[in-house]
Amino acid sequence: MRSDARRNRERLLAAARAVFAEHGIDAPMATVARRAGVGAATLYRHFPTREALVRGAFARQMETCGRALRDALAADDPWTGLTHLVETVCALQREERGFPAAFLDAFPETREEHARSREQAERDLTVLVRRAQASGALRPDFHPSDLVVALVAHCGLVAALPDDPRASRRLVAYLLRSFRACPPDAPLPPPTTLTLRGFPAAPESGARAPSRT
């Protein structure tokens, strides 16, 4: 790739992350091109579809998630591996505001390799869950879909409270504790300063950020 083409690609990816954080992954492609300072033709030459742009924008985060799952499977202690996986994914959701929607996107699997990759990840997650249950650390009624539910819940939290990392960390601690067959007595992370008076409206409503006391 020529140096000017490489620069345009990097500008597009940076612009996409910023636009997706502000407007969601359904934001118009033209908005991304304008933010990057390039024409629509340049955008579509690098990323012919929205799916390609989203995957490109969050390729590093997706690779980090994949590596975390591989590390979890390789861990001697399956509970430690599962904990690392959950904390890694939730940290990415918290740190990159556009990533939660990309992580849980509903794009059709138009490429066979993407479908195979997702199916393999689901199989690997099931293996990890079964190992953690066999070790006695994970509650026996836990189902792999429960992890998806937990990640969706965390997505909602970081979307509503993007500037409140304490709330995120505390929720993750609560979730992991609820997964344990025998929850530990260790203290939770510090609580958030959010109050009922500052309870946030849905992010898409355009309401102001919640107040703190």
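With values rounded to the nearest 0.5 angstrom, L43 atom CG is found 6.0 Å from L53 atom CG. Distance check: R169 CZ to L188 CG gives 14.0 Å after rounding to the nearest 0.5 Å. Separating the CG atom in L138 from the OG1 atom in T83 is a distance of 9.5 Å, to the nearest 0.5 Å. Put simply, CZ on F179 and CG on L176 are 6.0 Å apart, with the number rounded to the nearest 0.5 Å.
In this structure, the side chains of R45 and N8 stay at 4.5 Å or more apart for every pair of heavy atoms. Looking at heavy atoms from C-beta onward, R177 lies out of side-chain contact with R180 at the 4.5 angstrom threshold. Two residues are said to be in side-chain contact when any heavy atoms from C-beta on lie closer than 4.5 Å; T49 and Y44 fail this criterion. Looking at H154 and S168, their side chains come closer than 4.5 Å, going by heavy atoms from C-beta outward. Between L13 and F47 the shortest side-chain heavy-atom distance falls below 4.5 Å. Between P191 and R170, the closest side-chain pair of non-hydrogen atoms falls below 4.5 Å. Using a 4.5 Å heavy-atom cutoff, the side chains of T64 and V89 are not in contact. Under the 4.5 Å side-chain criterion, counting only non-hydrogen atoms from C-beta, C65 is in contact with L92.
Listed for the T42 side chain is no donor-acceptor partner under 3.5 Å among the backbone atoms of V38. R50 contributes a side-chain N or O that, together with a main-chain N or O of A27, makes up a donor-acceptor pair within less than 3.5 Å. Judged by distance alone, the side chain of R17 and the main-chain N or O of A57 form a donor-acceptor pair under 3.5 Å.
Grouping the Ile, Leu, Val, Met, Phe, Trp and Tyr side chains by contacts below 4.5 angstrom, directly or via other members, places I25 apart from V158.
Between G37 and R11, the shortest heavy-atom distance links the atoms O-NH2, 3.6 Å. Closest approach of H84 to T88, counting heavy atoms only: O-OG1, 2.7 Å. The two atoms that bring L12 and A33 nearest to each other are CD2-CA, 4.4 Å, heavy atoms only. Minimum heavy-atom separation, V32 to A15: O-CB, 3.7 Å. Heavy-atom minimum distance, V86 versus L147: CG2-CD1, 3.5 Å. Of all heavy-atom pairs between L69 and A121, the closest is CD2-O, 3.8 Å.
No donor-acceptor contact under 3.5 angstrom links the side chains of H23 and T31, judged on distance only. Inspection of the T192 and D164 side chains reveals an N or O donor paired with an N or O acceptor under 3.5 Å.
Residue pairs meeting the salt bridge (charged side-chain N to carboxylate O under 4.0 Å, His left out) criterion with at least one partner in residues 33-44, sequence neighbours excluded, are E22-R35. Under the salt bridge (charged side-chain N to carboxylate O under 4.0 Å, His left out) criterion, no residue pair touches residues 144-154, with sequence neighbours excluded.
Using a 4.0 Å cut-off between charged side-chain N and carboxylate O, R6 and E10 make no salt bridge. Under the 4.0 Å criterion applied to side-chain N and carboxylate O atoms, R94 and E87 are not assigned as salt-bridge partners.
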Donor-acceptor pairs under 3.5 angstrom involving side-chain atoms of residues 126-137: please list them, not counting sequence neighbours.
{"unit_1": "T126", "atom_1": "OG1", "unit_2": "E122", "atom_2": "O", "d": "3.0"}
{"unit_1": "R130", "atom_1": "NH1", "unit_2": "Q133", "atom_2": "OE1", "d": "3.3"}
{"unit_1": "R131", "atom_1": "NH1", "unit_2": "L73", "atom_2": "O", "d": "2.8"}
{"unit_1": "Q133", "atom_1": "NE2", "unit_2": "R139", "atom_2": "O", "d": "3.2"}
{"unit_1": "Q133", "atom_1": "NE2", "unit_2": "P140", "atom_2": "O", "d": "3.2"}
{"unit_1": "Q133", "atom_1": "NE2", "unit_2": "F142", "atom_2": "O", "d": "2.9"}
{"unit_1": "S135", "atom_1": "OG", "unit_2": "A132", "atom_2": "O", "d": "2.7"}
{"unit_1": "S135", "atom_1": "OG", "unit_2": "A137", "atom_2": "N", "d": "3.4"}

